[in-house]
Every structure is written in C-alpha cells, then in structure tokens.
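Each chain gets a letter, A, B and so on, in the order its sequence line appears, and its residues count up from 1.
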Amino acid sequence: MKMKWVMLASLFTLLAVLTGCEPLLVLDPEGPQAQTQANVIWISIAIMSVIVIVVFAMLAYILYKYRASKQSDSYEPPYIKGNVIVESLIVGIPVLIVIVLSVISVQSNYKVEATPEGYENDEPLVVYASSSDWKWHFSYPEQDIETVNYLYVPTDRPLEFRLYSYGPITSFWIPQLGGQKYAMSDMITTLHLAADNAGEFMGRNANFSGEGFAENTFSVEAMPQQEFNDWVKEVKQTADPLTEDKFNELLEPGHLGQLTFTGTHLEFNPPPQGHHEGHGAGSEGEHNDESSSEHDAHGEHESDSGHADETEENTEHQH
Amino acid sequence: MLKMNNNNTQPLEYSTEQGRMNILGFWIFIGAEIMLFGTLFASYFTLETRTGSGPAGAEIFELPPVLAETLLLLTSSFIIGLGIHAMRLGRKKAMMTFFIITLILGAAFLGFEIYEFIHYVHEGASLQTSAFTSILLTTLGTHGLHVTFGLAWGIVILIQVIKRGLTPQTANKSFIFSLYWHFLDVVWIFIFSFIYLKGMM
Amino acid sequence: MKELFPAKHVMGFIFSLVLTGVALSVYFFDMSFFMGMTILLVTAFAQAALQLVLFMHAGESEDKNTIYTSVYYGIIIAVITVLGTMLAMIWGYV
Amino acid sequence: MDFFERFLIPHPSPIIYASMAAIVLTTIAIIVGLTYFKKWGYLWREWLTTVDHKKIGIMYLISALLMLFRGGVDAIMMRAQTSMPENTLLDAQHYNEIFSTHGVVMIFFMAMGFIIALMNFVIPLQIGARDVAYPRLNAVSFWLYFMGAMLFNLSFVIGGSPSSGWTSYFPLAGSELSPSVGTNYYMLALQISGLGTLMTGINFIVTILKMRAPGMTLMKMPMFTWSGLITNIIIVFAFPVLTVALAMGTMDRLFGTNFFTTTDGGMDMLWANLFWVWGHPEVYILILPAFGIYSEVISTFAKRNLYGYNSMVASMVVISLLSFVVWVHHFFTMGQGAMVNSIFSITTMAIAIPTGIKIFNWLLTLWKGKIVFTVPMLYSLAFIPIFTIGGVTGVMLGMSAADYQYHNTMFLVAHFHLVIIPGVVFAMLAGLTYWWPKMFGFMLNERIGKWAFSFISIGTCVAFFPMFISGLDGQARRMYTYSESTGFGIWNMISFIGAIGLAIGFILIVYNIYYSTRYASRDVGDDPWDARSLEWATHNPVPEYNFAITPHVNSSQALWDSKKNGHTLFRDGLKEIHMPNNSGVPFVMSVFFFIFGFSFIFSMWITVIASLIGIFACMLHRSFENDHGHHISVEEIKRTESEVRGAKNE
C-alpha cells in the first residue's frame with residue numbers, strides 16, 4: 001500500500017514541476033516546431049495520465065477490497081474464465097486511444113518535417129551545421145560567413161539547417177526551437193526550424209560521440225533581422241577569412257571556444273552530396289547546383305585527409 | 001507424400017522420439033538461417049549501389065561460372081534427394097553413391113566459387129574495396145562457408161554410415177544433412193536471382 | 001535401378017531447371033526493372049517451394065504444422081526486415 | 001615487448017588496479033579453497049559436466065546474479081559521478097566505459113542469464129518433462145553464455161573496455177575512432193554468448209512442443225511456459241540478425257571491410273538499423289518471460305485462475321510479430337522523412353494494445369481474489385503501476401514528432417529503466433523468491449525480503465522519475481558532466497539517492513540468501529505456496545528425473561485441479577527412466593571458444609586457428625560418440641522416492 005502513495009506522490013510532483021513556475025526547456029517553446037512538439041507532448045501526457053490514473057485506481061481498489069486479511073477463511077475465489085464484453089472493452093479502448101494518437105502523430109510528423117507554420121512564404125535562411133569532434137561549424141552561404149560553436153539567427157525568417165558530420169554521428173538539438181536530427185558523414189539531413197522571439201537558447205549535440213561529448217554544446221541567439229544584418233556586417237569587417245589550412249586545424253579533435261570567420265568551408269570542403277550516396281536522385285535537384293560526381297571525388301579526398309589528421313590527433317590525445 | 005501415422009510405416013530416421021525431435025529442431029534452425037541470410041540480403045540491397053571508387057556488380061559479374069555453380073548445386077540437391085529416397089528403400093550402397101556424388105558436386109561448386117573470388121580480386125573488387133564488394137563477398141562467402149562445412153559434415157556422416165550401417169541414428173543424421181544441403185540450394189537460388197541476375201539485368 | 005529414380009523427383013528436377021531458364025530470361029532479354037524483378041521473385045520463390053515440399057519433405061511428419069510455421073515465420077520476418085531496411089535506409093529519403 | 005603492450009589497459013586508474021588485485025585474489029582463493037576442501041572432483045562431476053536442466057538453471061542463476069552486481073557497481077559509479085555538477089570522480093573516458101559495460105552486462109549477461117535460468121529450471125518441470133529436448137546442447141548453451149560473459153568482463157583488466165555505448169554505433173565504434181580492443185571484446189563476447197542463446201531458443205521450442213505431459217495441449221500450458229515458447233521463437237528469429245551485424249562490425253574493425261565506415265560507400269546507419277532489428281525484439285525477449293512469471297505469481301497469490309487465458313496467449317503472439325516491425329523508432333531522428341516515421345510510429349504505438357490487455361487481465365485476475373501479500377506478490381503488484389508509467393511514456397516516445405525532443409535524453413533513460421526494471425528485474429526477483437523453495441528446498445526469509453522489496457521499489461522510483469524532468473529540461477544521456485547553470489544537479493542528486501536505495505535492496509537480497517541458507521527450515525513440503533502448476537507436484541528437492549511417474553494433465557492449472565477437483569495426476573505405475581549422461585565436452589568446447597574469442601580480439605591468428613581446430617574436434621567427437629544415456633531402474637526410483645519422503649518425515 002505504502003508503495004502506491006509514494007508513486008502517486010512522485011507523479012504529482014512530476015506534474016507539479018511540469019506545470020510549475022520554472023518551465024522545462026522542451027516545454028518552453030520559442031518557435032513553431034518546438035510549439036508543435038510541446039503540444040504533442042502535452043496532449044500525450046494528458047491522455048496517458050488518464051490511463052495511469054485508471055490503472056492506479058483499479059489496482060488500489062482491488063487490492064483494498066480483495067486482500068486476504070479482509071476475507072473470511074471460507075471464501076473461495078471463483079473460477080472466471082473470461083468475458084467477451086469485458087475483453088472486447090480492454091481491447092477496444094486501447095485501440096481507440098492508439099488511433100487517436102496515431103492521427104496526432106502522423107499530422108505532427110508532416111508538420112515538423114515541413115517549413116514551419118506561419119513562415120511558408122518566406123525564403124528560408126540556409127545554415128550548414130556540421131559537427132567535428134567536439135564542436136559545431138555553422139556556415140552561412142548566403143552571408144558568406146562561418147562561426148564555430150555559436151549561432152546567430154534572425155527571428156522573422158524560417159531556418160533551414162543542413163546537417164552533416166566530420167566523424168561520428170551527432171545530433172543537432174536546440175530544445176527551445178525544436179527537436180533534434182542526426183548529422184552523419186555520408187549524407188545531409190535537413191532540419192526546419194524558426195525562432196518566434198528573440199532570445200538566447202541552449203544548443204548541443206545530443207548523440208554520444210566520444211570523449212568530449214559532454215562539452216559539445218553551442219549557444220544560439222535569435223534577434224530581429226536588422227540586428228542580424230548588423231552582426232553580419234560587423235563580422236565581414238572584423239573577422240579573419242577561413243582558409244583551408246585553418247579549417248583543417250579546426251577539424252582536429254578537441255574543444256574550441258566561439259570563433260568567427262568570413263567565407264565558409266563549403267567552397268573548399270563541400271558537404272556530402274544529396275542524401276545517401278547513389279540514392280540522392282530526388283534530392284539532387286533540391287540541393288546541388290554542381291555536378292555531383294566530380295564533387296564527390298573531391299569531397300572524399302578532402303575528408304580523407306582530414307580524417308587521417310584526426311586519427312593521428314586521436315591517438316595523441318589519448319596518451 | 002508418404003503417409004506415416006504409425007511407427008511401422010515410418011522411415012528409419014523418424015523411428016525414435018529423439019530422432020523426430022532432432023528433425024524438428026533442425027527445421028527451426030533452418031528458420032533461424034532464413035533470418036541470417038535475410039539480414040545479409042537486407043544489407044546487400046542497402047549497400048548494392050554504394051560502390052565508392054570500386055566497380056559495380058554489372059562490371060564484374062560473369063554469367064558462365066555463375067551458371068555452372070547454379071547447375072552444380074541444383075543437381076547436387078536433386079542427387080541428395082535421390083540419396084534419401086534410396087535410404088528409405090534400405091539400399092545403403094545406392095544411398096552412399098548418391099551422397100558421394102553430391103559431395104563431389106559440392107566440391108566442384110566450391111572450386112568455381114574460389115575461381116570467381118580470385119577473378120573478383122583480380123578485377124579490383126576485394127573485400128576492402130567498397131561497401132558493395134564487402135557485402136557481396138561476405139554474402140557469397142557465408143554461403144560458401146556453409147557449403148564447406150557441409151562437405152566436412154557429409155564426409156563424417158558417410159564414414160558413420162559405412163561403419164555402423166543404416167541405423168535409426170545414422171539415418172536421422174543423413175536426413176538432417178540432406179535438409180541442410182537442400183536449404184543451401186534454396187539460398188543459392190536467391191543469391192543467383194537477386195545478386196547475379198538482378199545485378200546483370 | 002528404376003526405383004532409385006522416382007518420377008516425382010525427376011520431374012521436380014526438370015521443373016527446377018526450367019525455372020532457372022525462365023529466370024535467365026531477365027539477362028538475355030531487354031525488359032523493365034519491374035518486369036525483371038517480378039520474374040525473379042516468382043521463379044525464386046517457386047524454386048524454394050519446390051525444394052521445400054518435394055525434396056525436403058516438409059509436409060510428411062507429425063510436426064508439419066510446426067515446420068511450416070517456422071519456415072513461414074522466418075520468411076515473413078526476413079521479408080519484413082529486407083523491406084523495412086530498404087524503407088528506412090533508402091526509400092524514405094526519395 | 002610490443003606483443004605484450006596490447007594487453008595493457010590504456011587508462012589505468014587506482015580503481016582498476018584494485019579490481020585487478022581483487023580478481024587475482026578471488027581466483028587464487030577459489031582455487032585454494034577447492035583444493036583444500038578437495039572439491040575439484042565434485043565440481044567437475046556435479047556441475048561442469050552436468051546436463052541436468054535444473055543444475056544448468058542454477059548455474060545460469062549464479063552467473064546472472066554475479067553480473068547483476070558487476071552492472072550494479074557500474075550504475076552506482078555513474079550516478080555518483082553525475083550526482084553533482086562538475087564532479088571529478090571519474091573522467092570522461094572512464095564514464096564512457098562504465099555506461100557502455102553497464103548496458104552490455106545488464107542486458108546480455110544479467111537479464112538474459114536470469115530469464116534463461118528460470119526457463120531452464122522451471123519449464124521442463126511445468127510441462128512434466130524429464131529434461132529438455134537436447135540436454136547436451138543445453139550445457140553447450142550455458143557454457144557459451146558463461147564464457148562470453150567472462151570474456152567480456154576480462155576487458156576490464158586486459159586491454160581495455162569498450163567505450164562507445166552498449167549500442168556501439170559506428171563510425172564511433174570503428175577502428176579509427178575506437179582504436180583500443182574494447183569494442184573487439186564487445187563484438188566477440190556477444191557473438192559467443194549470442195550463439196549460446198540461439199541454441200537455447202531452438203532447444204526450448206522443441207522441448208515445449210514435443211515433451212509436454214500427456215493431456216497438456218498447447219492451450220493448457222501454464223502461462224510461464226507459453227511466454228517461454230514465444231520468447232524462444234523471438235530469440236530464434238532475432239539473434240541471427242545480431243550474429244550478422246556483429247560479424248560485419250568485427251570485419252570492419254579487424255579486416256578493413258567497408259560496411260559501416262564513412263568512406264568507400266560504407267553506411268554508418270546500417271549498423272544502427274541491424275542492431276535495432278535485433279534490439280527491439282530483444283526487449284520483448286526480456287519482458288515476455290517476466291509477463292509469464294507475473295501471471296503465475298498473481299494467479300497463485302490471488303488464489304484465482306488467470307483471467308482471460310486465451311487473450312493472454314493471443315496478445316503474446318501478436319507481440320512476437322509486432323516486435324519485429326517497430327525497430328526504426330530507435331532512430332526516428334535519422335532524417336528518413338515523415339512517411340517512414342509515421343509508419344513506424346503507428347506500429348510502435350500498436351504494441352501498447354496487447355501489452356495493455358495483459359495489464360487489465362492481471363487486474364481482473366486480482367478481482368474477486370483472496371490476495372496474499374507475499375514477497376513475490378509484492379514485486380508483481382509494484383510492477384503494475386511502475387510498468388504502466390514506463391509503458392505510457394513509451395507510447396509518448398513512439399510519437400515520432402515528439403521523439404525529436406525526447407531522443408537521446410534522460411527522458412528516454414527514465415522510460416526504458418522504468419520498463420526494464422519492473423519488467424525484468426522485479427520479475428526475476430519475484431520468480432527467484434517464488435521458485436527458490438523448489439530450487440533449494442527452503443524458503444527465503446519473508447521479513448528481510450519485504451525490506452529488500454521496499455528499498456528496491458522505492459529506490460527505482462526515486463532513481464528514475466527525476467530523469468523525466470531533467471530530460472525534458474535538456475539533459476542528454478551519456479554526459480559525464482554538466483555545468484551548475486543547467487540546473488540538472490538537483491534531479492541527478494535525487495537519482496543518486498535512489499540508486500543507493502536500490503543498492504541497499506540488492507545487498508539485503510544477498511543477506512537474505514545467506515540468512516535463509518543458515519537458518520531457514522528445511523521442512524517446507526513440496527508445495528509451500530499452495531500453487532497451481534505442475535512444478536509443485538514433484539518433490540523438494542527435485543530428484544534427477546523430475547517426476548517418478550509422468551503426470552496426466554487436464555487443464556492449465558493441473559495441480560490445483562488435483563488438489564481441489566479430484567483430478568488424478570499420477571496414474572501409471574513406476575517404469576524405468578531413461579536419462580542422458582553427463583559430458584565434459586560442452587565445457588571443453590566452450591573453453592576453446594573462449595580462447596578463440598580472446599585470440600581474435602587481439603588478432604593472434606595462430607591461436608585462433610588452433611582453437612577452431614579444438615572446437616571442430618569437439619564437434620567431431622560428439623558426432624562419432626555412441627552415447628545412448630543411462631537408465632534408472634525401478635528399484636532405484638523407489639529408493640530415491642522413499643529417501644525424499646523420509647527426509648521430510650524427520
């Protein structure tokens with residue numbers, strides 16, 4: 001009996017905290033995608049709470065009512081094989097719940113995979129976000145600048161992140177703007193986000209990627225378009241250009257602070273083409289304007305040499 | 001199909017309870033093997049076009065040796081079927097002859113496969129060349145290892161039949177071995193169809 | 001001698017050779033990918049069924065239900081694995 | 001010297017040196033002890049060569065308990081490290097090794113060992129059989145599992161542990177980014193023990209299908225046997241996938257193939273795909289036997305028949321199929337698009353339906369019952385609410401859009417621990433306590449057992465509920481440290497306290513075993529719980545041949561019917577009993593497998609070939625061996641039976 005109260009109490013603490021004054025990052029959305037996800041989470045919490053409460057109540061009632069200490073010694077529990085109506089109810093109700101949840105799930109899936117709601121008519125800001133052990137490189141091809149470990153974004157534009165990795169699989173995650181997506185070395189994945197309000201958000205790699213994983217974070221600052229433009233202008237005036245040598249140096253395993261460059265690494269170290277190699281037919285028109293085979297070879301060569309450096313450094317790193 | 005509702009008409013390999021359990025257990029093992037090769041096929045189809053800097057299937061596949069391997073294995077599967085038939089007739093000599101032919105055909109199959117592998121390596125398609133060649137040679141190699149193991153197993157069983165004659169135990173082992181051999185043929189048919197023919201289509 | 005070569009086995013063998021021949025047509029004739037795959041699927045599964053029933057005697061023992069269940073289960077799960085893998089690894093992106 | 005350098009641990013620390021010393025000392029102590037008490041012969045005759053399913057079950061049990069403590073120590077260290085922000089108890093590399101080995105040990109060697117232990121001991125008894133279908137193969141299975149476990153644990157002191165997570169995602173686990181031999185240990189140890197598990201699967205399917213007592217049709221099997229049958233079917237069809245994946249991973253690491261590399265067309269996500277094609281069914285391999293145990297325990301202590309037997313069976317069959325079609329939900333965030341995610345989201349949530357049916361059937365079994373709160377029953381009752389929370393959060397994770405936010409966070413960690421701990425650990429503890437008298441002939445102390453239960457169940461809630469919150473607040477899993485400003489500190493501290501509670505609970509269980517072994521009464525009768533199924537119809541301790549006379553069965557609760565409704569279980573007279581002989585070959589063969597695995601890990605090809613020859617020699621020996629077992633005469637059975645009864649009358 002004791003147990004149940006502990007559990008109920010923990011559940012209520014959970015709910016109290018979830019609804020409490022200091023909102024949890026995931027449930028404190030600052031963009032339409034995170035909003036969609038938070039809505040799905042709230043709806044599912046609500047439906048699931050009903051199930052949990054029903055099960056708890058039934059269990060508590062039955063345990064209280066049918067405990068042996070309360071029954072007479074002569075009581076013989078009956079033999080009950082089953083009952084069609086009861087059994088169809090315990091099948092039927094879960095089926096209905098799953099159908100409802102499936103509809104919600106499918107709708108929200110298409111929502112989070114598309115341009116964010118309310119931003120459909122705007123040209124998205126494309127940012128290439130690539131990870132290397134254990135940092136993030138953000139390339140702004142439109143602005144022709146690149147940052148490391150921090151991200152400035154305008155608030156009134158949809159954001160289209162193109163993710164890939166120099167090394168292990170990582171997962172790009174800004175909880176308050178929207179859920180994560182993997183960055184992998186052999187393909188580009190696309191994540192559509194948007195920031196409704198200005199503010200500073202936490203971003204990180206969520207997928208375990210080795211020794212420096214815990215510190216593999218970045219900061220995100222959303223600001224009005226005008227401020228963003230000013231920042232770009234300032235970067236163009238003050239930052240050093242990103243050279244190939246410099247970039248290869250950056251790729252070496254380790255942690256770096258926040259860095260800013262003019263130019264992007266996309267020119268000399270292009271991202272993997274399309275989706276999976278050889279299956280990118282559908283996406284090719286979407287993403288590339290160059291002939292893919294030439295670039296593939298080039299890219300491979302580049303990442304090869306980058307990789308060799310990495311391994312060397314890796315062994316050194318582990319002394 | 002043979003009817004066998006009572007023990008008198010039951011073939012020797014089914015005559016003991018343990019024998020019947022062994023046969024059933026082997027069938028379940030075949031279920032697991034279906035999944036093993038299913039996984040290899042799933043990986044093959046996924047990696048099929050990922051040839052990196054190496055050759056694609058159409059560039060290295062050659063029909064004649066593949067066709068020879070197919071015919072050899074199909075025939076050996078037919079012959080071992082005859083072997084089991086002879087065993088059920090109690091004709092030990094005939095059965096052993098069929099088993100020996102089966103094993104010879106199996107060895108010839110392996111010979112062709114080894115030739116094929118050498119050819120691939122020659123064409124610059126080794127195990128390390130690309131994802132495609134890795135999975136190609138692994139899938140073929142897994143089947144080839146099964147055949148090799150089958151050859152050794154078949155010889156061991158033949159020796160036992162020679163030494164002990166057709167007892168419930170040796171008959172049971174021979175029958176299970178025939179199941180294994182037929183199954184390898186089935187797997188080869190899928191390799192033939194979905195690796196070679198699909199690749200050369 | 002004749003009793004060593006039961007007609008059913010011989011016919012089965014000839015039939016499997018024929019099926020192999022039909023499958024080969026995808027190599028010798030020019031046809032669409034869809035058509036070729038259909039032929040291959042039909043001939044491969046027909047061959048497998050032939051081996052299973054005729055040569056492997058899948059249906060002869062008291063455990064035939066278990067045997068068929070095990071084989072079908074294996075085939076179903078294997079096909080799901082192949083298709084699901086293709087879906088998640090390749091088709092989903094196009 | 002180069003040759004020996006590879007055996008060194010890359011990052012030694014005082015903890016590791018201490019454990020090395022402890023392992024060496026324990027080994028010496030065991031060897032000296034065995035020699036001093038002259039127990040080598042006993043050990044060899046009674047245990048190492050045994051083919052008796054009961055003894056094999058007990059050996060599985062001991063190994064699983066040992067592994068529980070190995071994995072548990074890992075867990076405590078992890079929780080201790082993260083209990084405070086910026087803690088420096090462990091460095092990143094150690095933390096990574098510890099969470100990797102924690103997962104592997106707990107899933108493969110603790111949970112699998114435990115379920116196979118109980119299946120081994122109970123299923124043949126429940127179906128009224130003398131042994132399993134292939135007793136010799138059963139011994140091989142155990143020894144392969146055992147050698148796999150030992151091999152994996154050797155990584156702690158020789159060569160270094162794996163550190164890329166229990167899932168070993170490539171390319172992180174590839175030879176470039178994980179150059180130490182740790183991941184080789186992972187690949188080979190799991191391969192060897194997986195082989196053993198596959199054999200167990202085949203063995204038990206045949207046992208259950210072919211060796212049931214007369215009258216026991218499929219729909220009259222006890223629920224634990226049913227769950228065992230379904231579990232083993234899943235094992236047979238899931239483990240070959242792991243075999244292939246591990247083989248490919250090994251080849252990538254050692255032979256330079258390109259399956260999961262990032263160059264030459266390799267595809268890292270294929271590993272994740274194959275791993276989870278096996279991995280999701282594995283979850284049900286673990287949980288279905290637990291469902292079976294709960295069905296037995298709840299029915300026994302509610303003094304009622306199991307409600308909705310048919311729907312219980314049907315739901316397990318549905319689960320066995322559905323478990324193979326949901327694996328992509330482990331990587332919804334891979335970018336495969338809304339369509340694929342929607343398909344797998346729906347199949348994932350669909351699994352909740354048969355699982356829900358089972359929960360309600362248990363509740364309805366309790367209804368109108370006469371509920372006794374024994375220790376096994378307490379675990380079963382605590383399972384229902386905790387598992388419900390774990391289950392519904394699983395449905396939430398199944399909603400793929402929201403999963404983008406839960407994926408890789410502590411929310412996920414909370415979910416699967418709240419499923420696996422009540423779903424597997426509670427069940428194993430319930431089953432252990434429940435069947436303990438059948439295994440060892442005395443009961444575990446109820447009072448200590450209830451204390452242990454309280455610590456474990458409350459500890460579970462305290463340890464894992466806070467993770468839901470820190471997960472939603474953005475704490476990713478597998479982070480060895482975090483900064484104070486994140487605010488995760490308080491939740492992790494609560495978790496650590498819960499973990500200590502769990503540890504105390506497990507120590508109490510060990511104390512209970514010690515205490516009960518010394519002080520408990522040996523006079524417990526054959527059926528101390530007033531239970532319902534056949535295993536309680538034979539004597540305590542169970543004779544070698546299980547049942548002197550094969551029982552006749554008329555329902556799924558045959559013993560209950562014989563006690564209450566006048567059904568006669570034993571109708572025939574005594575007959576000679578045929579039993580299999582012991583053999584040392586399985587043990588020897590597994591030692592060769594161990595050598596094979598070890599040399600493969602360190603690329604020592606000469607010993608690899610030598611051990612392979614050894615393995616084949618063992619197989620050859622088995623093939624040529626003419627071993628038809630032995631017969632136990634009627635007189636001998638009579639003597640044994642009267643001895644057992646005599647012991648009870650003392």
Side-chain angles (χ1 to χ4, degrees), chain B residues 1-5 10-11 14 20-21 23-24 27-39 41-43 45-47 49 63 67 70-71 74-75 77-82 84-86 89 91 94 98 175 178-179 181-183 185-187 189-190 192-194 196-198 200-201, chain C residues 1 3-6 8-10 12-13 16-17 19-20 23-27 30-31 33 36-37 39-41 43-45 47-63 66-75 77-86 88-90:
Chain B
M1 221 83 330
L2 293 161
K3 279 259 180 294
M4 57 220 84
N5 292 328
Q10 214 161 18
Y14 286 102
R20 288 194 290 274
M21 288 200 295
I23 291 171
L24 178 65
W27 272 104
I28 293 165
F29 174 72
I30 286 180
E33 287 272 66
I34 292 176
M35 202 52 199
L36 183 109
F37 283 101
T39 310
F41 274 108
S43 313
F45 294 141
T46 307
L47 301 176
T49 51
L63 192 60
L67 204 54
T70 308
L71 291 178
L74 269 181
T75 314
S77 179
F78 167 62
I79 301 278
I80 201 169
L82 296 180
I84 293 303
H85 182 74
L89 296 174
R91 303 201 24 191
F98 283 131
F175 182 73
S178 82
L179 290 181
W181 199 263
H182 290 306
F183 176 72
D185 185 41
V186 173
V187 173
I189 287 161
F190 279 80
F192 175 64
S193 303
F194 297 109
Y196 292 113
L197 290 182
K198 181 172 174 271
M200 291 187 284
M201 206 154 73
Chain C
M1 197 60 192
E3 61 169 2
L4 289 176
F5 294 90
K8 228 156 132 185
H9 278 57
V10 178
F13 180 52
S16 76
L17 290 178
L19 282 172
T20 312
L24 272 174
S25 67
V26 303
Y27 176 74
D30 200 24
M31 59 179 80
F33 179 77
M37 278 309 278
I39 292 178
L40 289 180
L41 279 170
T43 52
F45 278 96
Q47 285 253 37
L50 189 87
Q51 294 274 340
L52 207 67
V53 178
L54 193 61
F55 292 142
M56 294 170 88
H57 311 280
E60 71 181 4
S61 75
E62 59 189 20
D63 302 309
T66 315
I67 290 172
Y68 278 127
T69 311
S70 156
V71 172
Y72 290 147
Y73 199 99
I75 291 172
I77 303 290
V79 167
I80 287 175
T81 306
V82 171
L83 293 181
T85 302
M86 303 288 283
M89 297 287 109
I90 297 172

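With a 4.5 angstrom heavy-atom cutoff, B:Leu89 touches chain C only via side-chain atoms. Residue contact with chain C, scored on non-hydrogen atoms closer than 4.5 Å, involves the backbone and the side chain of B:Ile28 alike. For chain C, the nearby parts of B:Thr75 are the backbone and the side chain; heavy atoms of each come within less than 4.5 Å. Only the side chain of B:Leu67 comes within contact range of chain C, with heavy atoms under 4.5 Å apart. Only the side chain of B:Leu24 has a heavy atom closer than 4.5 Å to any heavy atom of chain C. For a residue to count as touching a neighbouring chain, one of its non-hydrogen atoms must lie under 4.5 Å from one of that chain's; by this rule B:His85 touches chain C with the side chain only. In this structure, the portion of B:Thr70 lying under 4.5 Å from any heavy atom of chain C is its side chain and not its backbone. Within the 4.5 angstrom heavy-atom criterion, only side-chain atoms of B:Ile84, from C-beta onward, approach chain C.
For B:Phe37, the ring pair (Phe, Tyr, Trp, His ring centres under 6.0 Å) criterion is met by B:His146, not counting sequence neighbours. With sequence neighbours excluded, the residues that form a ring pair (Phe, Tyr, Trp, His ring centres under 6.0 Å) with B:Phe78 are C:Phe13.
Chosen from B:Phe41, B:Phe192, B:Phe190, the residue pairing most often with chain C at heavy-atom distances under 4.5 Å is B:Phe190. In terms of heavy-atom pairs under 4.5 Å with chain C, the best-connected choice from B:Ala32, B:Gly38, B:Ala42, B:Ser178 is B:Ala42. With respect to chain C, the highest number of heavy-atom pairs below 4.5 Å among B:Ile80, B:Ile23, B:Leu74 belongs to B:Leu74. The candidate with the highest count of non-hydrogen atom pairs below 4.5 Å against chain B, out of C:Ile39, C:Thr69, C:Thr66, C:Asp63, is C:Asp63.
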As a quick check of understanding, evaluate side-chain hydrogen bond (donor to acceptor under 3.5 Å, both in side chains) for B:Tyr14 and C:Glu62, giving each step before the final call.
CA-CA 10 Å; B:Tyr14 286 102; C:Glu62 59 189 20; over 6 Å; no
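At least one donor-acceptor pair closer than 3.5 Å links the side chain of C:Gln47 to the backbone N or O of C:Ser16. A donor-acceptor contact shorter than 3.5 Å links the side chain of B:Ser193 to the backbone of B:Ile189.
Aromatic ring centroids of C:Tyr27 and B:Tyr196 lie 6.0 Å or more apart. Ring to ring, B:Phe183 and C:Phe55 are not that close: their centroids are 6.0 angstrom or more apart.
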